[in-house]
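Here the structure is laid out as structure tokens; the discussion comes afterwards.
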Amino acid sequence: MPGTLVGSRFVRRVSMVGVSGSGKSTLGRELAGRLAVPYVELDSIFHQPEWAPLPEEQFRRRVTAVASGDAWVIDGNYSAVLPLVWERADTVVWLDLPRRTVMHRIIWRTIRRVAGRTELWNGNRERWRNLFTWDEQESVILWAWHRYPIYRQRYAAAAHDPRYAHLTFHRIATRADACHLFDSAH
């Protein structure tokens, strides 16, 4: 599934999917830069100040507006809006790194963000208590652990689903796959 079409004139709308910590944002920003298209993180739309979720209908409207553009890289897995994104996308980049790699990344990323008081979206910051909770709605680490097999199954099935035949899937399972994606983006 890694391919040579990314960066061609046929690739203009890319959906980046994968579990938290898999590298969607890093790879998505770089890909958007190479394609010279806007980059949008769905988290930045969904998570309002104080981590308040944007009501679903407003979320759907805002994502529809973004996805109606001619070219973009949209990063996120939200089931409420993924069909809207995929309806317009031409390419899906699915980050499917080994669980141990994802967990290593998400733990260190969370510690860096908490310690550095890094602002994420709309004034929101990760909190120390999120490192120690067993509530996956509060802990991105637990969220990633529990969602890993769910997303893996979801995107493996989607890549072979006739409803998505209009999409080109690129599964990124290794660093070499990511490099190949960028080698083809020239």
Side-chain angles (χ1 to χ4, degrees), residues 1-32 34-47 53-99 101-102 106 136-137 140 143-174 176-178 180-185:
M1 274 195 261
T4 58
L5 292 179
V6 175
S8 78
R9 62 188 177 90
F10 302 109
V11 176
R12 303 303 301 154
R13 293 179 301 278
V14 180
S15 172
M16 301 287 297
V17 297
V19 73
S20 298
S22 61
K24 293 184 308 293
S25 299
T26 302
L27 198 65
R29 278 188 200 97
E30 186 170 349
L31 182 58
R34 290 188 186 212
L35 295 174
V37 302
Y39 169 75
V40 177
E41 251 180 301
L42 293 179
D43 283 336
S44 71
I45 298 171
F46 183 78
H47 294 293
L54 188 65
E56 186 172 329
E57 198 48 47
Q58 290 178 38
F59 187 40
R60 292 175 59 79
R61 276 198 306 273
R62 289 193 51 197
V63 171
T64 297
V66 169
S68 70
D70 289 334
W72 39 257
V73 172
I74 296 177
D75 154 2
N77 302 290
Y78 290 86
S79 57
V81 295
L82 199 58
L84 302 170
V85 173
W86 282 13
E87 180 180 293
R88 293 273 301 138
D90 51 54
T91 304
V92 173
V93 175
W94 165 32
L95 282 95
D96 184 31
L97 300 173
R99 191 181 228 173
T101 302
V102 169
I106 196 86
E136 75 177 58
Q137 298 300 318
V140 70
W143 177 269
W145 180 262
H146 291 288
R147 293 289 176 209
Y148 183 88
I150 294 167
Y151 287 163
R152 189 162 224 228
Q153 187 279 326
R154 176 186 298 171
Y155 298 126
H160 297 95
D161 189 326
R163 291 178 298 164
Y164 305 120
H166 69 285
L167 296 169
T168 300
F169 280 78
H170 295 271
R171 178 177 172 256
I172 306 299
T174 66
D177 292 343
H180 179 70
L181 187 72
F182 286 127
D183 288 344
S184 67

Original post:
With sequence neighbours left out, what residues match D161 under salt bridge (charged side-chain N to carboxylate O under 4.0 Å, His left out)?
Top reply: R163
Original post:
Can you name the residues that form a salt bridge (charged side-chain N to carboxylate O under 4.0 Å, His left out) with D43, not counting sequence neighbours?
Top reply: none
Subject >> Check against side chain to side chain contact (heavy atoms under 4.5 Å, CB included), L84 and Y78 >> reply: CA-CA 10 Å; L84 302 170; Y78 290 86; over 6 Å; no
Original post:
Between R12 and D70, is there a side-chain N and carboxylate O pair less than 4.0 Å apart?
Top reply: no
Subject >> Under-4.0 Å salt bridge between E41 and R29 >> reply: yes
Distance-only, no hydrogens or angles: does the [X] side chain make a donor-acceptor pair with backbone N or O of [Y] under 3.5 Å?
{"X": "R99", "Y": "W145", "answer": "yes"}
{"X": "N77", "Y": "G18", "answer": "yes"}
{"X": "R13", "Y": "G69", "answer": "no"}

Original post:
Are F169 and W94 close enough that their ring centres sit under 6.0 Å apart?
Top reply: no
Which heavy atom in [X] sits nearest to a heavy atom in [Y], and how many Å separate them?
{"X": "G76", "Y": "L82", "answer": "O-CD1, 3.8 Å"}
{"X": "Y148", "Y": "V102", "answer": "CE1-CG2, 4.3 Å"}
{"X": "F59", "Y": "L42", "answer": "CE1-O, 4.0 Å"}
{"X": "P38", "Y": "A71", "answer": "CD-O, 3.2 Å"}
{"X": "S20", "Y": "A144", "answer": "O-CB, 3.5 Å"}
{"X": "H166", "Y": "E87", "answer": "NE2-O, 4.1 Å"}

Original post:
Is there a side-chain contact between T168 and D90, using heavy atoms and a 4.5 Å cut-off?
Top reply: no
Subject >> Given V37, I74, V73, the one that forms side chain to side chain contact (heavy atoms under 4.5 Å, CB included) with V14 >> reply: V73
**OP:** Using the side chain to side chain contact (heavy atoms under 4.5 Å, CB included) rule, take M16 and L31 through it: C-alpha gap first, then chi angles, then the decisive distance, then the call.
**Re:** CA-CA 10 Å; M16 301 287 297; L31 182 58; 4.2 Å; yes
Original post:
If you measure from OG1 on T101 to CG on L95, what distance do you get to the nearest 0.5 Å?
Top reply: 11.5 Å
**OP:** To the nearest 0.5 angstrom, please state how far the OG atom of S44 sits from the CZ atom of R62.
**Re:** 7.5 Å
**OP:** Assess whether side chain to side chain contact (heavy atoms under 4.5 Å, CB included) is satisfied between W86 and L167, documenting all intermediate values.
**Re:** CA-CA 8 Å; W86 282 13; L167 296 169; 3.9 Å; yes
Original post:
Stepwise, does the salt bridge (charged side-chain N to carboxylate O under 4.0 Å, His left out) test hold for D96 with R152?
Top reply: CA-CA 7 Å; D96 184 31; R152 189 162 224 228; 2.8 Å; yes
